[in-house]
Amino acid sequence: MVSKNYALAKEQYASLGVDTDKAVAALEKISISIHCWQGDDIAGFDSSGEASGGIQATGNYPGKARNGDELRADIDKMLTLVPGRHKLSLHAIYAETNGKKVDRNALLPEHFEKWVAWGKERGVAFDFNPTYFAHPKSDDGFTLSHIDDGIRNFWIEHGIACRKISEYFGRALGETSVMNTWIPDGYKDIPVDRLAPRMRLADSLDKVFAEKIDPKYHRDSVESKLFGIGSESYVVGSHEFYLGYSVKNGVGITLDAGHFHPTEVISNKISSVLMFAPRLLLHVSRPVRWDSDHVVIFDDELQAITQELVRGNFLGRTDIGLDFFDASINRIAAWTIGVRNTQKALLAALLEPTDMLRKAEAEGDYTTRLALLEELKTYPYAAVWDYYCEKSGVPVKEKWLAEVKDYEKTVLAKRA
Ligand code: RNT
Ligand code: ZN
């Protein structure tokens with residue numbers, strides 16, 4: 001059935017001059033940076049067990065991972081349900097310190113040895129994130145831009161420690177680790193001085209990034225935000241701040257789909273940002289009325305993002321990371337849905353007859369452009385997707401759900 005449908009789809013796409021085998025081969029090469037924190041609601045292993053800094057996972061679906069072994073087991077399960085080879089994005093709070101209290105500024109590569117052993121066994125490389133939240137020293141809402149030298153320096157030390165861990169990932173696993181810097185800093189209410197915290201943040205970042213590290217092993221990226229819970233009126237690390245910082249200093253820029261005004265989309269920013277910033281890290285997410293981090297669905301914006309990446313030939317300079325955390329549904333299903341949708345959208349974009357569309361546009365034939373774009377929406381990309389899943393040895397269509405339900409019964413239910 002799958003191969004029969006694929007053969008028919010192949011013919012239909014060929015009539016548009018699109019080679020489906022080529023599209024599948026291109027998709028196979030794209031690895032998604034899958035965020036580990038969907039597995040435990042960003043609890044991590046080092047502290048209160050709850051996110052802070054204006055982000056929040058809501059829901060209490062049973063069975064969340066409570067330690068590294070459970071989290072890795074859940075990720076293993078999820079990886080059997082998505083096609084392709086992917087990376088895993090870790091946060092500093094996922095350090096394993098053997099019950100010893102190690103503060104954030106004292107974290108070392110050795111605290112991630114278990115992760116690295118796991119990654120080596122599976123051929124999974126890592127990306128990294130310092131954790132500037134869920135800590136007593138971030139409780140008043142400021143970290144790298146804090147007015148207090150002691151607190152600011154503590155967080156600078158954390159950033160420096162994390163870059164060493166990130167470099168270790170790169171060396172140990174033979175693939176660059178992209179380290180994403182996001183801080184929660186901001187004010188609930190209207191500030192008088194918007195400049196001073198930003199100057200302190202720039203200075204702190206300069207100190208964190210001072211040491212040159214071989215980009216073969218480690219790269220930096222900086223993530224902006226517009227508002228958070230408790231930082232509604234002012235966020236120090238705004239988009240303009242980081243865009244400027246990125247271009248001036250040659251570090252990557254991160255665009256999170258939920259970090260802009262509710263009607264503003266990141267798909268329209270990619271081509272501008274990549275004209276000037278060296279690299280882009282995406283946090284593919286789904287904001288619903290606010291930065292709610294809902295599971296990524298196959299919606300217009302997801303397709304617009306992947307179309308931009310393919311049409312602009314930006315895949316080589318973009319890392320596609322995911323960032324959502326829904327605790328109200330099975331967490332392994334949440335991951336699976338988000339990863340598969342992102343891949344499906346990439347595939348749909350790879351199956352587009354872009355040259356044909358570009359030509360119509362250049363000739364001013366906007367009628368053809370609109371007509372083709374609309375007809376393409378019902379072309380049989382799903383048959384190509386099913387073929388790719390089957391070829392990769394992962395469940396076709398919703399068959400993965402039965403596996404998740406089974407895992408829920410045999411593994412997750414026992415965690416209560
Ligand atoms: C927060 C940022 C950040 C976090 C993760 C957990 O608004 O999006 O990327 O979601 O670091
Ligand atoms: Zn993010």
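For reference, positions follow the sequence shown, starting with 1. Because the structure is predicted, anything quoted here is derived from the model rather than measured. Start at 1 and go down the list; that is how both ligands and their atoms are numbered.
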query = So, do H91 and Y132 have ring centers that fall under 6.0 Å from each other?
reply = no
Would you say N180 and S221 are linked by a side-chain donor-acceptor pair, where the criterion is simply a distance under 3.5 Å?
no
One should read off an interatomic distance between K164 NZ and I213 CD1, to the nearest 0.5 angstrom, of 7.5 Å
Among the N/O/S atoms of H283, the Zn ion (ligand 2) lies closest to ND1
>> Assess, by modelled atom type and distance only, whether the side chains of S285 and H283 contain a donor and an acceptor separated by less than 3.5 Å.
In response: no
Looking at D256, the N, O or S atom sitting nearest the Zn ion (ligand 2) is OD2
Given the options S204, P130, S138, W155 meets side chain to side chain contact (heavy atoms under 4.5 Å, CB included) only with S138
Closest to the Zn ion (ligand 2), among the N/O/S atoms of D323, is atom OD2
The N/O/S atom of E223 lying closest to the Zn ion (ligand 2) is OE2
Report the relative orientation of the aromatic rings in W182 and H259; use parallel for angles under 30°, tilted for 30 to 60°, perpendicular for over 60°.
tilted
Contacts of Y168 meeting ring pair (Phe, Tyr, Trp, His ring centres under 6.0 Å) (sequence neighbours excluded), chain-then-number -> none
Kindly say whether the aromatic ring centers of F142 and Y187 come within a distance under 6.0 Å.
-> yes
Atom pairs, nitrogen or oxygen, ligand 1 to protein, under 3.5 angstrom:
from: ligand 1; atom 1: 7 (O); to: K225; atom 2: NZ; distance (Å): 2.6
from: ligand 1; atom 1: 7 (O); to: H259; atom 2: NE2; distance (Å): 3.0
from: ligand 1; atom 1: 8 (O); to: E223; atom 2: OE2; distance (Å): 3.0
from: ligand 1; atom 1: 8 (O); to: D256; atom 2: OD2; distance (Å): 3.0
from: ligand 1; atom 1: 8 (O); to: H259; atom 2: NE2; distance (Å): 3.0
from: ligand 1; atom 1: 8 (O); to: D323; atom 2: OD2; distance (Å): 2.8
from: ligand 1; atom 1: 9 (O); to: E223; atom 2: OE1; distance (Å): 2.7
from: ligand 1; atom 1: 9 (O); to: E223; atom 2: OE2; distance (Å): 3.2
from: ligand 1; atom 1: 9 (O); to: H283; atom 2: ND1; distance (Å): 3.1
from: ligand 1; atom 1: 9 (O); to: D323; atom 2: OD2; distance (Å): 3.0
from: ligand 1; atom 1: 10 (O); to: D323; atom 2: OD1; distance (Å): 3.1
from: ligand 1; atom 1: 10 (O); to: D323; atom 2: OD2; distance (Å): 2.7
from: ligand 1; atom 1: 11 (O); to: H91; atom 2: NE2; distance (Å): 2.7

